[in-house]
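Here's the structure we're looking at; comments come further down.
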Protein chains: 2
Amino acid sequence: MNIGEAARGSGVSEKMIRHYEAIGLLAPARQANGYRRYAAADVAVLRFIRHARDLAFPLEEVRRLLALWQDRGRASAEVRGIALAHVAALEEKAASLAAMAASLRHLASHCHGDGRPECPILDGLEGKHDDHPAC
Amino acid sequence: MNIGEAARGSGVSEKMIRHYEAIGLLAPARQANGYRRYAAADVAVLRFIRHARDLAFPLEEVRRLLALWQDRGRASAEVRGIALAHVAALEEKAASLAAMAASLRHLASHCHGDGRPECPILDGLEGKHDDHPAC
DNA sequence: TGTGGGGTCTCCCACTATGGGAAGGTCAAG
DNA sequence: CTTGACCTTCCCATAGTGGGAGACCCCACA
């Protein structure tokens, strides 16, 4: 099948399919006219990549997971190690974002939000209350 | 003061100070020799930017906040609107990352993580259990 | 036979935000 | 006058995705 059908079958855009090929994640065959030809196995690889990306694995980790996936004799311990490290990274980033949200929400909670110019949010960004960070 | 002192005084790297100038967030004076000269007000602007960036405001929103900050007659309602929209965006992203972490952790919890090749994590990425997504 | 339209090819550029590094000018202290 | 710290501009890189241009390829339809 051609790239369009592979895209529809995998849920990966044509652009990204070409990109993944360019960085060596897959190597589809070529037809006489230069078109890429995708076998069912290629589409499976694309789906694997998409699922890994849906979990926000960086492409370099996708590459490692893909290699392990295609290695019949791999030890599941290695996969698990990658996965748990990524879980930790995700949780850390989520916590960091949640902390920012909480801190900004706290600032906003002190802001009247009316037509007047007084604004504790801007004061906070300015650093006015650096001496009273807790409140 | 020169850029180095402004950097130390604001916590913003020289590189980024020049970048912020290039995109029009501040406009320091120039000395005869071509060096940038920063007044205390410029450093205050840089600190404001840094605090906004610490809360992950995109630079385009920093620009709007900066304009409001420097506008004596602004309505705090507009600031509050920007801030709360950003809080919502942060919380949404945090929730999304937390969901990914939970889902990957769930996969990993079924993985022995020993020397054997069986690996539910890779199976999940492959999409093997698309018919039993709940478990 | 010609034409239109849809698919595909390769390139280049854009985005966000940050940093590295090169090649060169400036200035103060020794 | 040299040395070293500081400053300048300019180019490149990162990660992942998309947009678009200009050029083929192929098939159907008139």
Side-chain angles (χ1 to χ4, degrees), chain A residues 1-39 42-43 45-46 48-66 86 89-90 93 96-97 100, chain B residues 1-39 42-43 45-66 86 89-90 92-93 96-97 100:
Chain A
M1 77 191 76
N2 287 342
I3 197 173
E5 196 181 342
R8 286 185 295 275
S10 64
V12 178
S13 72
E14 300 183 14
K15 278 282 194 202
M16 293 317 300
I17 294 180
R18 296 196 190 97
H19 179 61
Y20 295 155
E21 178 183 351
I23 65 173
L25 295 190
L26 77 166
R30 291 285 179 146
Q31 297 165 255
N33 59 11
Y35 287 18
R36 292 165 178 84
R37 178 166 44 214
Y38 296 88
D42 294 315
V43 177
V45 165
L46 289 171
F48 182 96
I49 296 174
R50 180 170 65 82
H51 290 143
R53 290 292 303 139
D54 285 348
L55 292 174
F57 278 102
L59 285 178
E60 278 315 306
E61 284 179 34
V62 174
R63 184 196 305 279
R64 297 169 59 197
L65 290 170
L66 207 42
H86 185 55
L90 286 173
K93 186 166 282 185
S96 159
L97 292 177
M100 291 178 205
Chain B
M1 79 192 76
N2 287 341
I3 198 173
E5 196 180 342
R8 285 185 296 273
S10 64
V12 179
S13 73
E14 300 182 14
K15 276 282 194 203
M16 292 318 299
I17 293 179
R18 296 197 190 94
H19 179 60
Y20 294 155
E21 178 184 351
I23 65 173
L25 295 189
L26 77 165
R30 290 286 178 145
Q31 295 164 259
N33 59 11
Y35 287 18
R36 293 166 177 84
R37 178 165 42 214
Y38 296 87
D42 293 316
V43 177
V45 166
L46 289 171
R47 262 198 292 260
F48 182 96
I49 296 173
R50 180 169 65 83
H51 290 143
R53 289 293 302 138
D54 284 349
L55 292 174
F57 278 102
L59 284 178
E60 279 315 305
E61 284 179 34
V62 174
R63 184 196 305 279
R64 296 169 60 197
L65 291 170
L66 208 42
H86 186 54
L90 286 172
E92 190 180 332
K93 186 165 283 185
S96 159
L97 291 177
M100 291 178 205

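Naming: A, B, ... by sequence-line order, numbering from 1 per chain. Here the structure is a predicted model, which is why all the values come from computation and not from measurement.
Think of the region where chain B sits on DNA chain D: with heavy atoms and a 4.0 Å cut, that region ends 5' and 3' at dC6(D) to dC10(D).
Considering only side-chain N and O atoms, R53(B) lies under 4.0 angstrom from the phosphate OP1 or OP2 of dT18(C). Distances shown here put every side-chain N or O of N2(A) at or beyond 4.0 Å from the OP1 or OP2 atom of dG7(C).
In this structure, OH of Y38(A) is placed 10 Å from C1' of dT8(C), rounded to the nearest angstrom. Whole-Å rounding puts the I17(A) CD1 to dG7(C) C1' distance at 14 Å. Protein atom CD of E14(B) is 14 Å distant from nucleotide atom C1' of dG21(C), rounded to whole Å. Atom pair H86(B):NE2 and dT16(C):C1' shows a separation of 14 Å (rounding to whole Å applied). We find that CD of E61(B) is positioned 9 Å from P of dA17(C), with the value rounded to whole Å. The distance from atom CG of L59(B) to atom P of dT18(C) is 6 Å, rounded to the nearest whole Å. Atom-to-atom, CE of M16(A) to C1' of dC15(C) comes out at 14 Å; the value is rounded to the nearest Å. Between the CG atom of N33(B) and the C1' atom of dA28(C) there is a distance of 13 Å, given to the nearest Å.
Shown here for R50(B) and G11(B), the closest heavy-atom pair between the two residues is CD-O, 3.3 Å.
When the nearest nucleotides of DNA chain C are assigned to F57(B) and Y35(B) by heavy-atom distance, the more 5′-ward of the two goes with F57(B).
Here the options are V12(B), L65(B), D54(B), L66(B), the test is side chain to side chain contact (heavy atoms under 4.5 Å, CB included), and the partner is I49(B); only L66(B) passes.
R36(A) is listed as a side-chain neighbour of E21(A), based on a closest heavy-atom distance under 4.5 Å. A heavy-atom distance below 4.5 Å is found between the side chains of R53(A) and L59(A). Put simply, the side chain of Y20(A) reaches to within 4.5 Å of the side chain of L46(A), judged on heavy atoms.
Looking at the side chain of R18(A), the nearest of the listed nucleotides dC9(C), dG19(C), dT18(C) is dC9(C). Here the nucleotide nearest the side chain of K15(B), chosen from dG20(C), dT8(C), dA17(C), is dG20(C). Across dT10(C), dT26(C), dT8(C), the shortest atom-to-atom separation from the side chain of R36(A) is found for dT10(C).
Among residues two or more places apart in sequence or in another chain, the salt bridge (Lys or Arg N to Asp or Glu O under 4.0 Å) test is passed with R18(B) by E14(B).
Backbone-only contact: R30(B) has heavy atoms under 4.0 Å from sugar-phosphate atoms and none from a base.
Taking the charged nitrogens against the carboxylate oxygens, R64(A) and E61(A) have no contact shorter than 4.0 Å, which rules out a salt bridge.
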